[in-house]
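Numbers for residues simply follow the sequence, beginning at 1. Heavy-atom basis, side chains included; hydrogens, waters and symmetry copies ignored.
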Amino acid sequence: MTLPGWRDWAFALKTYAAAMLALFVALWIDLPRPYWAVGTVYITSQVLSGATRAKAVYRVGGTVLGAAVSVVLVPNLVNEPILLSLAVALWVALCLYVSLLDRTPASYLPMLAGYTAALIGFPAVEDPGAIFDTAVARAEEISLGILCASLAATLILPQSAAPLIVGRLNLWLAEARAWIQGALAAARAPEASGTSQGRRLRLASDALGLDALGLALRNEATGAERAAEAFAPVRQHMLMVLPIVAAVADRVETLERAGALPARVRSFLSDLAVWLADEADDPERAAHLRGRIDGFEPTLGRNPDWTTLLLASLAARLRDVIDLRQDLRALRGHLAAGTPPRAPLAFAYTARVRSIRHRDHGLAAFSAFGVFVGLLVCCAIWIATGWPDGSAAPMMGAVACCLFAAQDDPAPQILSFTNSALVGALGAGLYLFAVLPLATSFEMLALALAPALILCGLMMTQPRTAPMGMGAALNGATLLALQNGYSGDFAPFANGVIASVVGMWVGAVVTRLIRSVGAGWSARRLVRINRQSLAAAADGRGTGHGLELAALMLDRIGLIAPRLATLPAETSASVGDLLADVRVGINLVEVRRVRRRLTGPPRTAVDRALALAARQLRDRTGRPDSALLAALDDGLDAVADAAPGPERRAALIGLTGLRRGLFPDAPAYRAAPPARDDREMAA
């Protein structure tokens, strides 16, 4: 285990200071349950100051909304416990469903609105007449904790996300550069198939991993937030590197295997690899490289052969590689300097698609149903037994299930959270019956709490121990029930502990029976959703921009990657070449876009190829369709015979990309015999 550094100690101390400030103010203004403010500080605080601030507003909004719902539900349904349980469970499930559709800090608003209604509503059934005062008090206590945590994160040694982003971006660029250089050299072995797929998936996962840092950067008050505009396109640029370089590697490999890669192209690829390894930003050299591409890019005259089509496609993708490299270096410089970009980006397409995210309505509904059933089971136990303080079971069951609902299998995380609650309960019991009777002033109380809370803060700085530290602080503060006077009653304390643990155990069991799925199941499902998106694109449904479809599919690949990393190699291999699907998607949308400007036989042939492509993509067996291959060749024949123009060129390159993506092992395209008097024939 890594020993804590000075920043870890700083975070632990300032979080403790924020908790004590929240407790002092809550006691001073005589809030009924000041310990809610202490627990809120620990559930809100993050190591990065921007991350704490990013969630603060949404947490306050969710708390107020949840309190308002409890005020509406409890007085009207308190005499019908079954209906009240159904109503609260349905509200929590609905809020969780909405929350899981959003992977930004805004998701905390509906999530907190859901389980805050349970936290306020269930204990209030014993005194429904005071529900309004209770709801207002809970909202004040939780908002106070959020405010104190935000102030501490902003004013006391705020830690910026910018250095972390730049460091991770440097590591990503180094890994991507090694992969690109291998692709340019046609280095197929020994890094073929599985190893190469693993490297690409890791790059996708790491690119998505920067999301949280970018959101933290945007909400800082350190001055570095000025660079947030530079971060916005970084993620999508990083993701777009993957299909574009994969397309370059495919074209280089295919041409090399056919012995058709021209010497000047091979020389260019070597020079490009050297330029990519150079850390200096040299716009003139980049412009020179683009000029060299113009020199060997073939003119697509009538009836071009397969080699000419592949070279044209390669040239287009190589320009994209140069543009992406230039942009990423420039954006990295702005992030390091804390300045927004001024000049327009060379690879401008991603400006239109950088905010696209995958929304999994099916899994969100599945998770919401699991929480709904778990809450009803907890309520049934509480109602059937008439358990004193049994309201803690559905309360904590709701919290635990909601916090970890985004996991493939939330049950282990819920059980870990339960263990942290037990640790917090042991600490709370020690304090409640041995230490607090000796604390006769706030200063003595703060001094007594310091060792435990600072230790929890230190644990929160380490990824492996963060859940335990946060859970112990939150549950310990809640069970300690600090108020303006000492009240050490063992029976309510024991009932609360047992009910909380039972609620979380029930949540874990119900989740395991209803909701838990394996990483392999989730990965295969996301792959299937990607294929459905491809079929929709072939049919002309869904997004109308190739980069938008690519952004959506790459976002899913970033979600697939960490799941595949936990599975056996044969399972990872079974999902196929995920980046090939992305390339197919880009080409599908591009071909459908330009088909509108085609007329006569070319348009008819392209429409038939797209219809057959949609049919194959909907076929879950993944069997190659010989009719589709023939239709793509017919489409190439028909478009090649059309009048020259930008639409014709785009259609030819798009159909070439489709053929390579859907049929990588097929023989070369059967080009029609070239006309002897063709003056535009490629060299």
For the residue pair Ala640 and Leu652, what are the closest heavy atoms and their distance?
N-CD2, 3.9 Å
For Ser107, all residues meeting side-chain hydrogen bond (donor to acceptor under 3.5 Å, both in side chains), sequence neighbours excluded:
none
To the nearest 0.5 Å, atom OG1 of Thr254 lies from atom CG of Leu311 at 11.0 Å
With sequence neighbours left out, what residues match Arg319 under salt bridge (charged side-chain N to carboxylate O under 4.0 Å, His left out)?
Asp294, Glu297
Test salt bridge (charged side-chain N to carboxylate O under 4.0 Å, His left out) applied to Asp102 - qualifying residues, sequence neighbours left out:
none
Nearest-0.5 Å distance, CG of residue Leu526 to CZ of residue Arg528
9.0 Å
With distance as the sole test, does Arg595 use its side chain to make a donor-acceptor pair with the main-chain N or O of Arg603 at under 3.5 Å?
no
For a quick test of your reading: what N or O donor-acceptor pairs under 3.5 Å do the side chains of residues 167-174 make, sequence neighbours left out?
from: Asn170; atom 1: OD1; to: Arg332; atom 2: NH1; distance (Å): 2.8
from: Asn170; atom 1: ND2; to: Val166; atom 2: O; distance (Å): 3.3
from: Trp172; atom 1: NE1; to: Leu203; atom 2: O; distance (Å): 2.9

Pairs meeting criterion ring-ring contact (aromatic ring centres under 6.0 Å, His included) with involvement of residues 259-283, two or more places apart:
Phe268-Phe296
Is the ring pair His361/Tyr97 parallel, tilted or perpendicular, if the boundaries are 30 and 60 degrees?
tilted
For the CZ atom on Arg359, are there more than 12 heavy atoms of other groups (residues, nucleotides or ligands in this structure) within a distance under 6.0 Å?
no
CG of Leu100 to CG of Asp360, rounded to nearest 0.5 Å, is 9.0 Å
Output for pair (Arg583 CZ, Leu242 CG), nearest 0.5 Å, gives 11.5 Å
Non-neighbouring partners of Arg251 that pass salt bridge (charged side-chain N to carboxylate O under 4.0 Å, His left out), sequence neighbours left out:
none
Quick one: do Asp607 and Thr604 satisfy side chain to side chain donor-acceptor pair (under 3.5 Å)? Show the steps, please.
CA-CA 5 Å; Asp607 284 347; Thr604 301; 6.0 Å; no
From His237 atom NE2 to Met240 atom CE, the distance as rounded to the nearest 0.5 Å:
9.5 Å
Separation of Phe347 CZ from Asp327 CG (nearest 0.5 Å):
8.5 Å
Pick out which of Leu629, Leu588, Leu617, Asn587 makes a side-chain contact (heavy atoms from CB on, under 4.5 Å) with Leu662.
Leu617
